[in-house]
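Down below is the structure, laid out as structure tokens.
Excluded from the calculations below are hydrogen atoms, water molecules and symmetry mates; all remaining heavy atoms, backbone and side chain alike, are included.
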Amino acid sequence: METFAPKRPQNLDVATLGRDAMAGTISAIVNIAYCISFSALIFQGSIAAGFPLGLAALIMGTMVTGVVVSLTTTLVPADAGPDTPAVAVMSVLATTVAAGLAAKGADTETMIINVMVAITVSTFLTGAVLFGLGGLKLGQWLRFVPFPVIGGFLAASGFLLITGGVEVITGSNLTLSPSSWAVMGDARYAPQIGVGLAFAFFIVLLKRWMDDYLTLPIAFVVFLIVLNVILLWFVTDPTTQADWYLAAVGALQLWWPIEAVATHDIDWGVMAMSSAEIGAVCGVTAISMLLDVSSLEVARQKSADLDKEFRTNGLANVLASVLGGVAGNLSLNNSLLLQQAGAVTRISGVSVAVICGLVLFAGADVGAFVPKAILGGMLAYLGTMILIEALVHSPAQRSRTDLALAIAIALVILYFGYLVGVVLGVIGACLLFALSYSRIGVIRRHLTRYELSSSVDRSPEQTRLLQEEGKRVHVFWLSGFIFFGSSNGLFERIKRVIEGQKERPVGYIVLDFSAVQGLDTSAVLSLVKLRNYCEEKDVTLVFSGLSDSMHAAFLGAGFFGADRPHQAFATRNEAVEWCEDMVLLYHEVGDASSHTFESWLQSELGGDISFERVEPYMTRRELDSGVVLFRQGEPSDSVVFQASGCVAITITGEYGRSIRLRRMLGHTVVGEMGFYRNVPRGANVVAESATVVYILTRDSFDKMQEEDSAAAAALHKLIIRLLSDRLEFANREISALH
């Protein structure tokens with residue numbers, strides 16, 4: 001893939017300076033050609049006599065902004081000057097001011113001076129706006145420009161460069177209308193267009209034989225010499241000869257704004273009525289600069305300091321307004337032209353300003369020796385390269401939707417202008433993003449209580465019941481930002497789950513918001529629809545991990561209250577634990593079991609071993625709430641059978657904070673892992689309520705194996721079965737989570 005990444009030599013030598021000077025000269029000639037066409041665009045009709053004054057202001061703006069930007073930019077080599085979108089708005093500003101003054105009977109000179117003052121005011125305000133954006137460090141906030149917008153901007157710029165090349169030759173205004181292109185078949189211009197195409201094709205051929213930076217200067221010099229020789233020796237008709245060159249610029253009249261304001265009658269009322277157009281110049285210039293910088297970053301494959309670019313471009317425009325220049329900014333087209341002509345360092349941009357200064361102050365007339373065909377071919381070549389980069393080598397090629405959007409944005413820009421195209425492009429890109437994001441959905445994972453339990457170890461009876469009823473509790477992990485598109489997808493997914501489960505109807509939906517960054521109002525309204533549907537189906541919504549703002553939004557929408565069954569908890573574990581408690585309560589299963597501890601233990605030992613046979617080897621203890629049974633790091637010299645109550649398994653965190661891992665309810669075994677592995681306790685065991693336990697020490701267990709081996713074997717089997725059940729459930733949970 002061809003890229004526009006510059007190749008920089010290590011040292012600033014004579015050859016490099018020569019390359020920069022040559023590139024600057026070529027770019028300056030093209031810039032002056034642009035200024036001529038821009039001035040003709042702004043000063044037409046009743047104010048056409050202002051063309052020389054406008055041309056001087058445009059060249060001054062190119063010179064001042066070019067020097068400041070080229071010496072300060074982070075995207076070297078670069079050039080600056082009045083940009084096509086802003087100049088288009090300036091032409092509207094000029095027409096508005098002239099029409100307002102014409103209605104008052106003002107003469108032509110007064111209209112021209114007032115138009116120039118309006119352009120100067122817009123230039124100054126543009127500088128202030130750009131500097132303010134950079135000074136407030138708002139560059140990163142303005143970087144949210146989707147690539148299709150950049151691609152469309154590049155494609156439109158490339159097309160306008162191609163048509164600009166034809167316009168330089170023909171002097172006509174080309175549009176997307178086929179009728180405007182009929183001028184290309186005119187006998188006066190067809191040979192020039194053919195020579196321009198030959199020049200562009202010659203550049204492509206040279207690229208195969210030499211370094212890129214040499215191709216444009218060599219092609220330019222060769223065609224300049226050959227074409228001038230042919231025109232001077234073989235074309236004898238002066239009129240035909242003149243058609244091949246730009247119109248003579250003639251003497252330029254410098255524009256000094258301060259002097260004009262002091263010596264002429266300025267109608268500030270008309271200026272105020274044109275404030276919308278003046279503001280549009282500021283806005284379009286800021287947008288053009290943002291897109292030019294973003295596009296140049298893509299073309300150069302490097303990152304710019306956008307805040308610095310805004311500040312320096314702002315200062316350049318303020319200085320240009322004082323010196324009588326027109327608003328300008330870092331230019332994508334000019335910068336790429338410099339680079340394609342072989343420029344490497346900042347000196348190339350200064351060279352452009354020097355050549356423009358010679359034309360402005362010394363009266364050098366480039367139209368006298370540079371044929372229009374060369375300028376047109378150069379613009380056509382550069383435009384074609386930009387089009388290829390934007391549409392063929394673009395990252396948007398990976399997505400047909402992005403490519404189609406980029407083409408659509410380019411067409412809108414060509415039909416309605418840059419401002420409309422960029423605004424509609426950003427809107428379209430945002431809508432496409434919303435559509436794509438809604439397809440991804442916000443549900444990161446979905447499990448039921450059958451695969452995922454809370455951190456509470458319950459009695460075997462409760463555990464079996466929760467396994468049987470596990471699919472009545474569904475847990476949804478949510479993530480990302482929930483908005484109108486994704487919230488409706490969430491509703492539809494939960495609705496399908498509820499409607500699809502007939503045998504054991506869904507009773508509880510846990511929505512975990514721990515990984516949700518936020519949600520908008522439309523998402524809350526969509527979830528209100530989910531709430532109403534769940535209440536109709538007798539399903540309880542259980543929220544977890546809500547931030548304060550999200551909890552307030554749901555509270556305001558009426559999700560929680562005395563007349564609502566829905567609940568909110570700090571963590572997903574607490575939410576699942578509450579659902580388990582509700583399922584057990586529904587089946588009227590108590591805190592522990594319908595069995596006594598004695599009958600449960602005898603049943604777990606196989607039925608043949610009575611409780612009385614193992615009780616003598618155990619020590620019964622009654623624990624109050626808060627009593628520590630085990631401490632982390634102590635020797636594992638006993639295993640505990642929990643008869644009633646509740647204990648918490650905790651560990652001590654990095655800063656001494658106690659972290660609860662699990663809760664153990666009655667009729668279970670605690671501490672068996674350390675006991676069997678003979679390693680220190682891995683956690684603390686603390687009573688959370690009045691608890692009764694039976695403690696079997698290692699010595700007592702050894703004694704049981706000697707005196708009642710059958711009872712000891714039954715106890716071994718009980719613990720092995722318990723560990724197997726826990727391992728099997730852990731494996732199922734891990735598998736489900738993956």
Shortest non-hydrogen separation from [X] to [Y] and the atoms involved:
{"X": "Met704", "Y": "Ala711", "value": "SD-C, 4.0 Å"}
{"X": "Ala683", "Y": "Ile651", "value": "CB-CG2, 3.8 Å"}
{"X": "Thr697", "Y": "Phe675", "value": "C-CE1, 4.3 Å"}
{"X": "Ser544", "Y": "Val510", "value": "OG-CG1, 4.5 Å"}
{"X": "Ala575", "Y": "Val542", "value": "CB-CG1, 3.6 Å"}
{"X": "Gly671", "Y": "Phe630", "value": "CA-CE1, 4.1 Å"}

So do the side chains of [X] and [Y] get within less than 4.5 Å of each other, counting heavy atoms only?
{"X": "Gln642", "Y": "Thr691", "value": "yes"}
{"X": "Arg662", "Y": "Ser454", "value": "no"}
{"X": "Val583", "Y": "Leu466", "value": "yes"}
{"X": "Val475", "Y": "Val576", "value": "yes"}
{"X": "Val516", "Y": "Phe481", "value": "no"}
{"X": "Leu601", "Y": "Leu605", "value": "yes"}
{"X": "Phe483", "Y": "Leu519", "value": "no"}
{"X": "Leu629", "Y": "Val686", "value": "no"}

task = Under the ring-ring contact (aromatic ring centres under 6.0 Å, His included) rule, collect the residues that match up with His551, sequence neighbours excluded.
result = Phe560

Around atom [atom1] of [X], are there more than 12 heavy atoms of other residues, nucleotides or ligands at under 6.0 Å?
{"X": "Met582", "atom1": "CE", "value": "yes"}
{"X": "Asp538", "atom1": "CG", "value": "no"}
{"X": "Arg631", "atom1": "CZ", "value": "no"}
{"X": "Lys529", "atom1": "NZ", "value": "yes"}

Is it the case that the side chain of [X] and the backbone of [Y] share a donor-acceptor pair, with hydrogens and angles ignored and the cut-off at 3.5 Å?
{"X": "Arg445", "Y": "Phe476", "result": "no"}
{"X": "Lys502", "Y": "Glu499", "result": "yes"}
{"X": "Lys302", "Y": "Thr74", "result": "yes"}
{"X": "Glu598", "Y": "Phe611", "result": "no"}
{"X": "Asn684", "Y": "Gln632", "result": "yes"}
{"X": "Gln567", "Y": "Leu541", "result": "no"}
{"X": "Arg564", "Y": "Gly558", "result": "yes"}
{"X": "Ser603", "Y": "Ser599", "result": "no"}
{"X": "Gln501", "Y": "Ile498", "result": "no"}
{"X": "Arg504", "Y": "Glu468", "result": "yes"}

Output yes when [X] and [Y] qualify as a salt bridge under the 4.0 Å nitrogen-oxygen rule, no when they do not.
{"X": "Glu604", "Y": "Lys717", "result": "no"}
{"X": "Arg620", "Y": "Glu622", "result": "yes"}
{"X": "Glu688", "Y": "Arg663", "result": "yes"}

task = Walk me through it: do Phe597 and Phe641 pass the test ring pair (Phe, Tyr, Trp, His ring centres under 6.0 Å)?
result = CA-CA 9 Å; Phe597 172 70; Phe641 295 83; 7.2 Å; no

How long is the span from the [atom1] atom in [X] to the [atom2] atom in [Y], to the nearest 0.5 Å?
{"X": "Glu580", "Y": "Ser453", "atom1": "CD", "atom2": "OG", "result": "6.0 Å"}
{"X": "Gln602", "Y": "Asp608", "atom1": "CD", "atom2": "CG", "result": "9.0 Å"}
{"X": "Tyr617", "Y": "Gln705", "atom1": "OH", "atom2": "CD", "result": "10.5 Å"}
{"X": "Leu525", "Y": "Asn488", "atom1": "CG", "atom2": "CG", "result": "12.0 Å"}
{"X": "Glu492", "Y": "Ser487", "atom1": "CD", "atom2": "OG", "result": "10.5 Å"}
{"X": "Leu290", "Y": "Leu133", "atom1": "CG", "atom2": "CG", "result": "9.5 Å"}

task = For residues His474 and Tyr450, establish whether the separation of their ring centroids is below 6.0 Å.
result = no

message = If you take the centroid of each ring, where Trp contributes its six-membered ring, are Phe513 and Phe554 closer together than 6.0 Å?
response = yes

query = Under the side-chain contact (heavy atoms from CB on, under 4.5 Å) criterion, do Val129 and Phe310 qualify, and how do the steps go?
reply = CA-CA 9 Å; Val129 169; Phe310 273 125; over 6 Å; no

request  = Give the C-alpha distance, both sets of side-chain angles, the deciding distance and a yes or no for side-chain contact (heavy atoms from CB on, under 4.5 Å) between Val614 and Asp708.
outcome  = CA-CA 9 Å; Val614 297; Asp708 192 345; over 6 Å; no

In terms of side-chain heavy atoms, does [X] have a donor or acceptor partner in [Y] at a distance below 3.5 Å?
{"X": "Asp512", "Y": "Ser514", "result": "yes"}
{"X": "His667", "Y": "Gln462", "result": "no"}
{"X": "Gln467", "Y": "Arg449", "result": "yes"}

request  = Classify the ring geometry between Phe569 and Trp578 as parallel (under 30°), tilted (30 to 60°) or perpendicular (over 60°).
outcome  = tilted

task = Applying side chain to side chain contact (heavy atoms under 4.5 Å, CB included) between Val639 and each of Ile695, Val669, Leu715, Val670, report the one that passes.
result = Val669

request  = Would you sort out whether Asp699 and Asp637 count as a side-chain contact (heavy atoms from CB on, under 4.5 Å), showing the intermediate values?
outcome  = CA-CA 8 Å; Asp699 292 339; Asp637 54 2; over 6 Å; no

key: Stepwise side-chain hydrogen bond (donor to acceptor under 3.5 Å, both in side chains) check, Tyr508 with His566   = CA-CA 9 Å; Tyr508 303 91; His566 314 297; over 6 Å; no

task = Please test Leu490 against Leu527 for side-chain contact (heavy atoms from CB on, under 4.5 Å), starting from the C-alpha separation and ending with a verdict.
result = CA-CA 8 Å; Leu490 173 63; Leu527 291 173; 3.7 Å; yes

